[in-house]
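Everything on this sheet refers to the single structure shown next.
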Amino acid sequence: MKLPPLRAVQCFEAVARLNSFSQAAVALNVTQSAVSHQVRLLEEYLGESLFIRGGRKLSLTVLGERYFEDISHSLQCISQSSQQIREGECGRLRLALYSSLAVKWLVPRLENFRQLHPEIELTLKMVTEEPEFTDQCADCFVTAHPPRKNFTAEFLYQETLYPFCSQKLWQKIQDQPLPEAIWQQPLLSVHSIFNSEQGADWKAWCKLGGFELPASANMSYFSHMVLAAEAAKYHQGIAFLNDYFLNDQDRQHLVRIPTHELPTGDKLYFTYKKSRARQREIIALGRWLKQQCFDYEGQ
């Protein structure tokens, strides 16, 4: 089915609505001759006159009035659909973020956001790897690797890890010199933090501290920090954990060992399309996320 040129239909709608070629040109940010040309193209396509031109007086023909009523609604639907894809549905927001960050950090704080912004319906999508940065996935993202083009990335925090153990294990080593006391306990390593090399996190931490990892160290390996955190909570060893991943319940069972930290080099960003930078819901969520990070760092 052959359709009339959309630009010509848009020009006709503006002229009919404003009852003026010159005002339509201003509204569309084009020249008056360009508007006249597009309307003529549409009339030629339809094989009918849409306007009665009589000097300075301009009016629609009977067919033009009917056509204007029909296409006005269609253009409005196109505009609304395009705006919804570009800016999102008003009052609703979908946030994609790493599963561990969602469960351990965001969800316990979410009630505060809902109290501050009851008008926003926030839906979470948890991902284990980098999400697909499309509207089909989510409206906005928390990620360590934001796209470089067409997206805005607002800094949230820089990831730093610390050695943690259970309260029970800490009671055994708290009066002993460090790091020697650590080597007497099982070490829990998350091999995905730096690379696939087993024990890379502990080797990097030792290098920063200026000492060697003993060859006799008893080490267990985990694919995810959340698993290592649970193991540490149940007295199974010492693990490098992210403070942001620990909720209030975790802190009742875990102790941060007072030694130097282990920066991962990763930074987390709140990311969204540049075209949606003025969307009220995204602005509100971004401000709230940054405030949560700021409040936590200030503790």
Side-chain angles (χ1 to χ4, degrees), residues 1-96 119-123 125 130-141 143 146-153 270-286:
M1 179 176 62
K2 187 177 180 181
L3 298 175
L6 184 58
R7 185 60 172 167
V9 175
Q10 185 184 30
C11 287
F12 163 74
E13 187 276 337
V15 174
R17 175 167 44 84
L18 299 172
N19 197 35
S20 168
F21 278 85
S22 60
Q23 291 183 35
V26 172
L28 298 173
N29 197 28
V30 296
T31 64
Q32 184 173 334
S33 61
V35 173
S36 299
H37 175 68
Q38 291 294 328
V39 171
R40 281 197 301 272
L41 287 178
L42 181 60
E43 289 178 325
E44 290 174 5
Y45 173 86
L46 296 173
E48 297 284 349
S49 295
L50 298 173
F51 291 99
I52 300 173
R53 300 167 176 84
R56 294 185 177 181
K57 187 177 179 181
L58 181 69
S59 60
L60 287 165
T61 64
V62 174
L63 187 63
E65 289 180 355
R66 193 181 77 190
Y67 190 66
F68 174 66
E69 290 179 5
D70 290 342
I71 60 96
S72 294
H73 176 71
S74 298
L75 288 176
Q76 174 126 18
C77 289
I78 292 172
S79 176
Q80 290 175 346
S81 180
S82 301
Q83 184 175 6
Q84 183 172 326
I85 291 175
R86 178 180 171 87
E87 299 182 1
E89 189 173 353
C90 182
R92 295 183 179 180
L93 208 56
R94 297 166 300 153
L95 174 65
E119 76 284 2
I120 300 177
E121 181 182 322
L122 181 63
T123 302
K125 178 174 182 178
E130 286 301 305
E132 184 180 358
F133 295 99
T134 66
D135 289 337
Q136 285 71 35
C137 177
D139 303 302
C140 47
F141 310 82
T143 176
R148 295 185 178 182
K149 294 180 63 177
N150 303 321
F151 278 80
T152 295
F270 176 57
T271 303
Y272 51 88
K273 282 184 177 179
K274 289 182 178 179
S275 62
R276 302 178 71 165
R278 295 185 179 180
Q279 185 178 343
R280 179 179 58 84
E281 293 83 359
I282 284 182
I283 292 173
L285 179 59

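FYI, the numbering just counts along the sequence from 1.
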Query raised in the report: Q38: what forms a side-chain contact (heavy atoms from CB on, under 4.5 Å) with it, not counting sequence neighbours?
Result: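 Testing Q38 for side-chain contact (heavy atoms from CB on, under 4.5 Å), a comparison that skips the adjacent residues, returns R7, A8, C11, L41.
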
Query raised in the report: How far apart are the closest heavy atoms of P147 and T271, and which atoms are they?
Result: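 It is CD-CG2, 4.0 Å.
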
Query raised in the report: Which heavy-atom pair separates Q10 from L75 by the least distance, and what is that distance?
Result: CA-CD1, 4.3 Å

Query raised in the report: Applying the side-chain hydrogen bond (donor to acceptor under 3.5 Å, both in side chains) test to R94, which of D139, T123, D135 qualifies?
Result: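 When side-chain hydrogen bond (donor to acceptor under 3.5 Å, both in side chains) is applied between R94 and each of D139, T123, D135, only D139 qualifies.
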
Pairwise distance [atom1]([X]) to [atom2]([Y]) - rounded to 0.5 angstrom:
X: K273; Y: T134; atom1: NZ; atom2: OG1; value: 7.5 Å
X: C140; Y: L122; atom1: SG; atom2: CG; value: 7.0 Å
X: L60; Y: F51; atom1: CG; atom2: CZ; value: 5.0 Å
X: E13; Y: D70; atom1: CD; atom2: CG; value: 12.5 Å
X: C137; Y: K125; atom1: SG; atom2: NZ; value: 3.5 Å
X: E44; Y: S49; atom1: CD; atom2: OG; value: 10.5 Å

Query raised in the report: Is the number of heavy atoms from other residues, nucleotides or ligands within 6.0 Å of CD (E130) greater than 12?
Result: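 Yes.
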
Query - R66, CZ: over 12 other non-hydrogen atoms inside 6.0 angstrom - result: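 At most 12 heavy atoms, drawn from other residues, nucleotides or ligands, come within 6.0 Å of this atom.
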
**Report entry** Criterion side chain to side chain contact (heavy atoms under 4.5 Å, CB included) on L42 and Y67, from CA distance to verdict
**Finding:** CA-CA 11 Å; L42 181 60; Y67 190 66; 3.8 Å; yes

Query raised in the report: Quick one: which of L95, T143, T152 gives a side chain to side chain contact (heavy atoms under 4.5 Å, CB included) with F270?
Result: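 Filter result, single survivor: L95.
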
Would you say [X] and [Y] make side-chain contact, with heavy atoms under 4.5 Å?
X: F21; Y: V39; value: yes
X: P131; Y: F141; value: yes
X: L58; Y: V15; value: yes

Report task. Please answer whether the main-chain N or O of L50 pairs with a side-chain N or O of E43 as donor and acceptor at a distance below 3.5 Å. Result ->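 Confirmed, E43 side chain pairs with L50 backbone.
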
Report task. Check the angle between the aromatic planes of F12 and F68 and answer parallel, tilted or perpendicular using the 30° and 60° thresholds. Result ->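 Ring orientation of F12 relative to F68: perpendicular.
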
Query - Side-chain ion pair, E119 and R280, N-O less than 4.0 Å - result: yes

